[in-house]
Amino acid sequence: MNEEEIAFRNEVRQFIKENLTAKLRRAGTNMTSVFADYDCALEWHKILHRKGWSAPEWPEEHGGTGWSPNKQYIFQRELKLANAPALMALGIQMLGPILMHYGTEQQKSDYLPRILSGEDIWCQGYSEPGAGSDLASLSTRAERDGDDYVVNGSKIWTSFAHRANKIFCLVRTATEGRPQAGISFLLADMNLTGITISEITGLDGTVEQCQVFFNDVRIPSANLVGEENEGWGVAKYLLEFERGGHNYSNDHQKLLAKVRDISGEQFSNNGLLYKDDPFFVSKLAELEIDALALEITEQRIKSSDNPGALTSVAKLVGTELGQKITELSVDALGAYIAPLQSEALEIDYAGTVIGPSNAVTTSAEYINMRASTIYGGSAEIQRNIIARAVLGLR
Amino acid sequence: MNEEEIAFRNEVRQFIKENLTAKLRRAGTNMTSVFADYDCALEWHKILHRKGWSAPEWPEEHGGTGWSPNKQYIFQRELKLANAPALMALGIQMLGPILMHYGTEQQKSDYLPRILSGEDIWCQGYSEPGAGSDLASLSTRAERDGDDYVVNGSKIWTSFAHRANKIFCLVRTATEGRPQAGISFLLADMNLTGITISEITGLDGTVEQCQVFFNDVRIPSANLVGEENEGWGVAKYLLEFERGGHNYSNDHQKLLAKVRDISGEQFSNNGLLYKDDPFFVSKLAELEIDALALEITEQRIKSSDNPGALTSVAKLVGTELGQKITELSVDALGAYIAPLQSEALEIDYAGTVIGPSNAVTTSAEYINMRASTIYGGSAEIQRNIIARAVLGLR
Amino acid sequence: MSLDSNQKLTDEQQMLSDMVSKYLSETYDFDSRRKIANGPVSVAPPHWKQFAEMGWLAMPFDESDGGFNGGPKEISILFEAFGKHLVLEPYLETILLGGGALSFGPEDIRRQYLPAIIAGDLQCAFAHHEPNHTAERYYVGTTALQSKDSWQLNGVKSIVSNAPHSGLLVLTARIKGRKHDSDGIGLFVVDKNVRGVHCDDYLTIDGRRASEITLNEVEVERGALLTVDAGQLDTLLDRACFAVCAEAVGAMSALISMTIDYCQQRKQFGQSIGSFQALQHRMVDMYIASELSHSLLIATTNAIANASDDRHRLLAALKFRVDRSAREISYGAIQMHGGIAMTDEFKVGHYFKRLTVISKQFGNANFQLERYRHYNVHNNHS
Amino acid sequence: MSLDSNQKLTDEQQMLSDMVSKYLSETYDFDSRRKIANGPVSVAPPHWKQFAEMGWLAMPFDESDGGFNGGPKEISILFEAFGKHLVLEPYLETILLGGGALSFGPEDIRRQYLPAIIAGDLQCAFAHHEPNHTAERYYVGTTALQSKDSWQLNGVKSIVSNAPHSGLLVLTARIKGRKHDSDGIGLFVVDKNVRGVHCDDYLTIDGRRASEITLNEVEVERGALLTVDAGQLDTLLDRACFAVCAEAVGAMSALISMTIDYCQQRKQFGQSIGSFQALQHRMVDMYIASELSHSLLIATTNAIANASDDRHRLLAALKFRVDRSAREISYGAIQMHGGIAMTDEFKVGHYFKRLTVISKQFGNANFQLERYRHYNVHNNHS
């Protein structure tokens, strides 16, 4: 870090100190997946927005910061280590870049400021029941009728559809040719007539995912992004951002800190605290070394002109390593994996917690982490991509 | 073990004590692959034959013993643990059962006694250059000319072709239909005109494998086993025996004993003998547990009416576990992996040995063990077979 | 080691196996199970009385106590089936642990409690773990002080499974020695409603109920001490360990079947995902992991049945391998099912959660490895 | 940690890189290499004089010693290329270890030996390991006893690479302290032909030559003690460790390229084996293992160049990861090549053997893990 970067880091720390309230910090601490408490995420979004920091990676003309990649990285890391709650990411990280690239001037001016300010929270209508990683097989139909598309079908794994006010989705506007042809990218209000939501309870007992049903939903054709039938290109652009946007090493640092906390309270079978148990500390060090190697790899991605190859590597290693770290934390947690402490994870919980003091999230985190190699392009799909695009295998 | 089995074990031990000379024992101890010193293997073969124990698993009518599977298991284990040299296996374990099933009476009476006595040592002409696991793609041609087949082509990975006096091989007698059709199974003398041999030096610097060239070799049609063009069925029958015949857990016990020996002489980075190093002993225990689980699985195979499924499992686990055990032995061996001690492995070597006293085989053993998941149906082929035949996946 | 003679079931064992299979297949579908698991803390699993009527609850007890003298094979038949169907009923806590501990007690205690337990009228919990020390077998900081006619118990017990439904607690308290010692631990039977026992009840991730329990000057009679024999405590814990291993083997085999089925039916990119080689090979590795655990279960069952010297070493090896296999199989099953496996309404994730809990129970992997080494050295010398 | 400014090569570094690549590609094909490796023990690798003429041998030395003042980036350029081509020439032994140790010596010693080393006329070996103790960094049982004008050396040194070709030995001998102490170890320069030095020479699996060396009342002058500073010994060993890591990264990248090429060309069952998903995924994992090692190499190079406090922690992490990656990549490369990889005439197996030797050199995986933890704690506290 050069002097300018150190000064910048101090500025970020000062801002966090002054603005990240105990409640918001708790919302960050209590995260057991990529999502924080929804209301707290919104509150923090607005605080960042007032400072002009809600979408640092956006171009300055659209309300971004113009920071160097290093500064963005420092900013994200400071937020993570201070346990700031994650923002709802789909608007800022995915739809924003798409609209900047494919959107009409009207769409840009209608939506980008409201993403930046947190007035609009977007969800993503993408996967469909039975399609899984085979996105192009989608069957939700959109038929042109005057100035509207009439949409029928269903989307699944739509995160926070029960809270978001907007949805961007892929729909089928033609059935000829390859499955990838005939897909279009549409924007919609969640309160349109004909949209209904069914909540999906996760393995950890909470609701983050939904299924969204479209029943003769009329979406104005002005809400088409890009050309009709060319939504697949838009979607692929979006996937790039979904994969490249995230620094897994920040997550790992937070997870590793929790492992260390637990290992200072829990005793191993040999009567030693885990932090003094030679087996345990070796395993921890192995994971730390992998986390370090990934952190450097993420920095290589930032400073590379052509990061494509390493981006898939980072996603794959980042998710699989996150799983290994939570697995180790559960090894130290031992039988305390069992208590289901959903209430203790709520922001206003004031009761006692069972087990080690900083481990109330661990059980749910371990369970939820299994999803990280499934969504956003499964581990298998990532390996297929790397084999083809990087290694040139056919 | 019941009382009869204990008495049997004692009989075997007594026989070994009286007949396994120091030199033969050394040949067993110095094995770094599935093959022992060729001359010692033959000598031991003849000693066993005099006792009637050279092919215990054969039916009694053909010179076998009629022992129960348990007794056969005890016999193999006692031999292994006493460091008896392995016999040349292809005649006894593979060709013998094939001739009993497919051979003419003439073939049986010509060949079986000589396999039993060790007068004939067979090699296997099976793989071809460039074919690898895709056995059916073989292209060595055999054309009928009067009472002979005229054979042209080449076989590779023919173990001990430079020492054996006989070869059984698969040749193409027709080119129509599926690759599996049109293959025939032939027997030949290695001294026939037109057979030449090229030795292949292995990674460990020794010669066990050869390439065999056939140049207008005339093989009498009486040497056809089974029907013409139906050699694939014969080959598959043979594969069953190759896979099912071996008890990997005996090998593992021998390898684990060597690891323990090395761990009692070599010091770990922490200044402790490996046998007192908590990391090392834990890793060793993990492998011992897998070896134990496999040993039980092999016994389930023996006592099962339909062992097919578990046989492929045993081969896969047996070979991959063998690799892990030798990997651990190399971890304890440390920098002593480097000295190339080919001479010290020769039976009449009388010089000093570099490194731990019972580790002269370890380096070559580790290197050669990588081949165990390649030959006789690679690990990938085994997994394909299990997926199809056991799990029913297509 | 020879297996042949021991793999066959006796006629009685075959009947038990068929009955358990039939009952659970007919009544214990996943949706019914989910309703039980998602109920409030205080609602007990409803099949208990039927288990009693079918005689299952009497299985492991001595005939003199009204039982059927069942051995490890019977336990493994029951628990493999429980594992396959993710059964929530507290057989482990009430019968094996609570009932098992009571069997060590004097005749009047056995007479007082065992008939009600066998009849399904009384449930138990086994309170042993203490805060932050769940990986140690003998750690007991709870104290038992003897006065002339009674014991006074003080301490905290953690993650006491089935306590919310139990009338009786069987708990460990230290009579003498230091907190980590294997000797000096007493097994006590305590009425849960006695003064000084305080329970905080909660749900667990595997659909069960448990409590944190504080013992504050709890007075029990002298007869409440069932045993202070470390060997009996080991027997109790080993039997429970064995039972959850059998349960895990059942659960793993169910996970593999459902993963294979799912991969054959599920289509992506125009073909069944079961045709993708990478998934096939992963399923093969899951199958192998399951078979290796299964082999160790068979050998351990036989060794316990024959009271072989090797039983401790085998049990440690079994539990260790079950832990490894359970991780590999759970992770693979979830990954290949995809998103649906991460939902509460689909069964796969619940097997994962149960297996995760089991792998920390009665000795984690490191404990078992240490124990395996202990008995292995012992065996090699003998 | 920021990489941007450090990843670019200077013009000089780019020239070095191009030159090394060009020379080795043109002269160091696998068959030539094999002829060198399979020669008798006493025949030295033949490219040494050309290395000297191209200035490579001068690279790491101070300008005042006739060197080019090259840093870790130059070392890593050379060794990655050596790794890619499996170069047998004793740069590590003669230049980094022997020459590096001599650089610690007084001026007359440096004047006496370094010009000949840089000119390619004198080779060195570094004798440090002792029987059964190759995993410890500081274990030295060989003794150095001082008399008025000389030292007497007694002891045994094991697996001394390049000793058969060396005129000079640099060896460690203990001046004070106990056998495991880091302090009290002297670095001595010894003419190999002096009385009392006995060498047993042999070939090694990675195509090199080495010796077992007995030192029996070997007398050397007082000036033969180059240093007794434990920090300098560490510097020497760390630099060698760094160099073999760079070599390993080069070798792994070569293994991956040749495996991909082979799988694309090789056909089985009517298709290229590179089209099988299980093999594709395995190659992806090999590629990832290689990239993670590569990342650590870049960061370690920068940290050493900048004398960052973090360099020790990074070097330990790098060597640990190289060990893990090398196993995964070697095993995968052999498996996917099949039988041919097990033969002496094909190159893949030789990369495996060289990587195996490297992973035990200058601290095995457990040593590095321990060292990583030591410096990690240190860093976390600072």
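By convention in this document, chain letters (A, B, ...) are assigned in the order of the sequence lines, proteins followed by strands, and residues within each chain are numbered from 1.
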**Request:** Step by step, work out the side chain to side chain donor-acceptor pair (under 3.5 Å) result for Glu208(B) and Ser33(B).
**Result:** CA-CA 9 Å; Glu208(B) 292 179 346; Ser33(B) 71; 2.6 Å; yes
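Counted by atom type alone, Lys258(B) and Thr362(B) present zero donor-acceptor pairs between their side chains at under 3.5 Å. Looking only at atom types and distance, the side chain of Ser357(B) has a donor-acceptor partner in the side chain of Glu265(B) under 3.5 Å away. A donor atom on one side chain and an acceptor atom on the other are found under 3.5 Å apart for Ser378(B) and Glu380(B). Side-chain contact of Tyr202(D) with Glu212(D): a donor-acceptor pair under 3.5 Å is present, judged by distance alone. Defined by atom type and a distance below 3.5 Å, a donor-acceptor pair is missing between the side-chain atoms of Ser198(B) and Gln211(B).
For the set Asn38(D), Asp200(D), Thr134(D), the entry with the most heavy-atom pairs within less than 4.5 Å of chain B is Thr134(D). By number of non-hydrogen pairs under 4.5 angstrom with chain D, the leading residue of Asp331(B), Asn368(B), Val330(B) is Asp331(B). For the set Asp344(D), Thr356(D), Asn364(D), the entry with the most heavy-atom pairs within less than 4.5 Å of chain B is Asp344(D). Ranked by heavy-atom pairs under 4.5 Å with chain B, the list Glu345(D), His337(D), Lys353(D), Lys179(D) is led by Lys353(D).
The part of Glu130(D) that comes within reach of chain B is its backbone (N, CA, C, O), which places non-hydrogen atoms under 4.5 angstrom from that chain. Using a 4.5 Å cut-off between heavy atoms, Leu333(B) touches chain D through its backbone atoms (N, CA, C, O) alone. With a threshold of 4.5 angstrom between heavy atoms, Ser137(B) does not approach chain D through any atom at all. Only the backbone of Lys267(D) comes within contact range of chain B, with heavy atoms under 4.5 Å apart. Contact annotation for Arg208(D): neither backbone nor side-chain heavy atoms come within less than 4.5 Å of a heavy atom of chain B. Using a 4.5 Å cut-off between heavy atoms, Asn366(D) touches chain B through backbone and side chain atoms alike. With a threshold of 4.5 angstrom between heavy atoms, Ala379(B) approaches chain D through its backbone and through its side chain. Contacts between Ala365(D) and chain B at a heavy-atom distance below 4.5 Å are absent for every atom of the residue. Using a 4.5 Å cut-off between heavy atoms, Ile337(B) touches chain D through backbone and side chain atoms alike. Residue Leu279(D) touches chain B through its side chain alone, counting heavy-atom pairs closer than 4.5 Å. When heavy atoms are compared at a cutoff of 4.5 Å, Ile354(B) approaches chain D solely by way of its side chain, counted from C-beta outward. With a 4.5 angstrom heavy-atom cutoff, Ile159(D) touches chain B only via side-chain atoms. Heavy atoms of Tyr138(D) lying under 4.5 Å from chain B are absent altogether. Neither the backbone nor the side chain of Arg137(D) comes within less than 4.5 Å of any heavy atom of chain B. In this structure, chain B has heavy atoms under 4.5 Å from both the backbone and the side chain of His350(D). Both the backbone and the side chain of Tyr336(B) come within less than 4.5 Å of a heavy atom in chain D.
Taking each heavy atom of Ala344(B) and Asn30(B) in turn, the nearest pair found is O-ND2, 3.8 Å. Shortest non-hydrogen contact noted between Leu272(B) and Asp277(B) is CD1-CA, 4.2 Å. Between Asn269(B) and Phe367(D), the closest heavy-atom pair is ND2-CA, 3.4 Å.
Under the 4.5 Å side-chain criterion, counting only non-hydrogen atoms from C-beta, Ile325(B) is in contact with Val259(B).
For Tyr274(B) and Phe267(B), the gap between ring centers reaches or exceeds 6.0 Å. Proximity of the aromatic rings of Tyr351(D) and Phe346(D) is defined here by a centroid distance below 6.0 angstrom, and this criterion is not met.
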